[in-house]
Protein chains: 2
Amino acid sequence: MNAVYGLRALMYIAAQRDQEGYVSIRKISEDLDISFHFLTKILQTLTQHHILHSQRGPAGGVALAKAPEQVTLLEMLYILEGEGYFSECFLGLPGCGEQQPCPVHDFWRHITLTMKEKFSHTTLAELSDKVRSGEVRLVSCT
Amino acid sequence: MNAVYGLRALMYIAAQRDQEGYVSIRKISEDLDISFHFLTKILQTLTQHHILHSQRGPAGGVALAKAPEQVTLLEMLYILEGEGYFSECFLGLPGCGEQQPCPVHDFWRHITLTMKEKFSHTTLAELSDKVRSGEVRLVSCT
DNA sequence: ACTTATTCAGACAATTTTGTCTTAAATTTA
DNA sequence: TAAATTTAAGACAAAATTGTCTGAATAAGT
Ligand code: SF4
Ligand code: SF4
């Protein structure tokens, strides 16, 4: 769920990027209905990877460390789910590659390349704009 | 790993479809280096869903229950991983849909539809033919 | 009938993922 | 400096996934 929770939080944070100051993790966890401590841990990794900046103490919290236009979906997923996110192959045979491919190699490589392409051209800004315009939602329907 | 092991076994079995009789699960597990009991359980579900036919006793084993040309990758994945394989949405918010989509809905739906399309047009026959021609391999490189 | 080979079924165990809790460190305000 | 607020870090727990084992059922050969 790292990706799900992390992305939702990032979109939530990015959606309020015109507001000054930090957004507290407690507030995010309540609004998005995610366990506070678990979310904290996830956001920590985003902080460590310089997607977010954090500030302790009263009025502290987290804020975007870079412009959301420069944060791609691919980048976020790599951080949240590991670098192997798209390189994982379908059959997962060790030590394989172009030389001696498995039956689904070509098929699968085509799909992953397409996806990777799409994911690297979608930015946090685009996603959060939809939230701001009220076009979409981040929380569960009641 | 159900999908990985199941597909590998199916391709292995389909690759020898001109040979008479059953292929024993023991043999498959040894050749593909998969735990015998675990593989047995996976192949059982394929048998229950009439992809395979099984035969107990000496010279028993499993065999394809239908022509591999009529078994699609999509069908195999549905059985091995559950019907929700492609319907699972990216953010997994409960009770969502077209009316109130999340930020990645359109993006994600496009990807899953494309994949589903591709997966439903690839058959076991095509995949196993590559194995037979020696073009690809099913086991790990040494 | 007996033995052997095989799948079937389900209990059990190990591992990974997911989530919770406690304590520490930092920062602000008074 | 003291108190309040908030993230950081990591131990711990629960749940899901992955894998193992044992015994039963079935079929074939002798
Ligand atoms: S051959 Fe390609 S798809 Fe197949 S296991 Fe290797 S990397 Fe993955
Ligand atoms: S809106 Fe679409 S992509 Fe988003 S959670 Fe719902 S079904 Fe999934």
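Just so we're on the same page: letters track the sequence lines, and every chain starts at 1. Below, all heavy atoms of this structure are taken into account, side chains as well, without hydrogens, waters or symmetry copies.
- When the C1' atom of C/dT6 is taken as reference, atom CD of B/Glu30 falls 13 Å away, rounded to whole Å.
- A/Leu124 has its side chain out of reach of A/Glu75: every pair of non-hydrogen atoms, C-beta onward, lies at least 4.5 Å apart.
- Remark: A/Thr40 is not in phosphate contact with D/dT7, judged by side-chain N or O atoms under 4.0 Å from OP1 or OP2.
- Between the P atom of D/dT18 and the CG atom of B/Leu80 lies a distance of 12 Å, rounded to the nearest Å.
- Residue A/Ser24 has no polar side-chain atom (N or O) positioned under 4.0 Å from OP1 or OP2 of D/dT5.
- One interatomic measurement links the two molecules: CD of A/Gln44 to P of C/dT18, which rounds to 18 Å at whole-angstrom precision.
- For the pair A/Lys41 and A/Ala59, nearest-nucleotide mapping onto DNA chain C gives the more 5' position to A/Lys41.
- Side-chain contact between A/Leu73 and A/Thr123 is absent, with no heavy atoms from C-beta onward closer than 4.5 Å.
- Regarding B/Arg26, its CZ atom lies at a distance of 14 Å from the P atom of C/dC8, rounded to whole Å.
- Side-chain N/O atoms of A/Tyr5 include one lying less than 4.0 angstrom from OP1 or OP2 on C/dG19.
- In this structure, B/Leu7 and B/Leu77 have side chains that are in contact, with non-hydrogen atoms separated by less than 4.5 Å.
- Atom CE in A/Met1 sits roughly 16 Å away from atom P in D/dA15 (whole-Å rounding).
- When rounded to the nearest whole Å, the span between NE2 of B/His53 and C1' of D/dT26 equals 12 Å.
- Every side chain to side chain contact (heavy atoms under 4.5 Å, CB included) that B/Tyr22 has, sequence neighbours left out, goes to B/His53, B/Gln55, B/Ala63.
- Contact check on B/Asp129 versus B/Arg17 returns a salt bridge, with a Lys/Arg side-chain nitrogen under 4.0 Å from an Asp/Glu carboxylate oxygen.
- For the OP1/OP2 pair of D/dT20 and a distance below 4.0 Å, the side-chain nitrogens and oxygens of B/Ser35 include at least one atom meeting the criterion.
- Protein atom CD1 of B/Ile34 is 11 Å distant from nucleotide atom P of D/dT20, rounded to whole Å.
- For C/dA9, the OP1/OP2 oxygens have a side-chain nitrogen or oxygen of B/Gln48 closer than 4.0 Å.
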Show me the protein contacts with nucleotides 23-25 of chain C, counting only N or O atoms at under 3.5 Å.
{"from": "C/dA25", "atom 1": "N3", "to": "A/Arg56", "atom 2": "NH1", "distance (Å)": "3.4"}

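- Residue-level contact check: A/Tyr22 touches neither bases nor backbone, having no heavy atom under 4.0 Å from any strand.
- If you measure from atom CZ of B/Phe38 to atom P of C/dA14, you get 16 Å, rounded to the nearest angstrom.
- Residues A/Leu10 and A/Val71 are not in side-chain contact: their nearest non-hydrogen atoms beyond the backbone lie 4.5 Å or more apart.
- Dashed line: the shortest gap from a side-chain N or O of B/Thr47 to OP1 or OP2 of C/dT7 is not under 4.0 Å.
- Linking ILVMFWY residues whenever their side-chain heavy atoms come closer than 4.5 Å, directly or via other members, leaves B/Tyr78 and B/Leu113 in distinct clusters.
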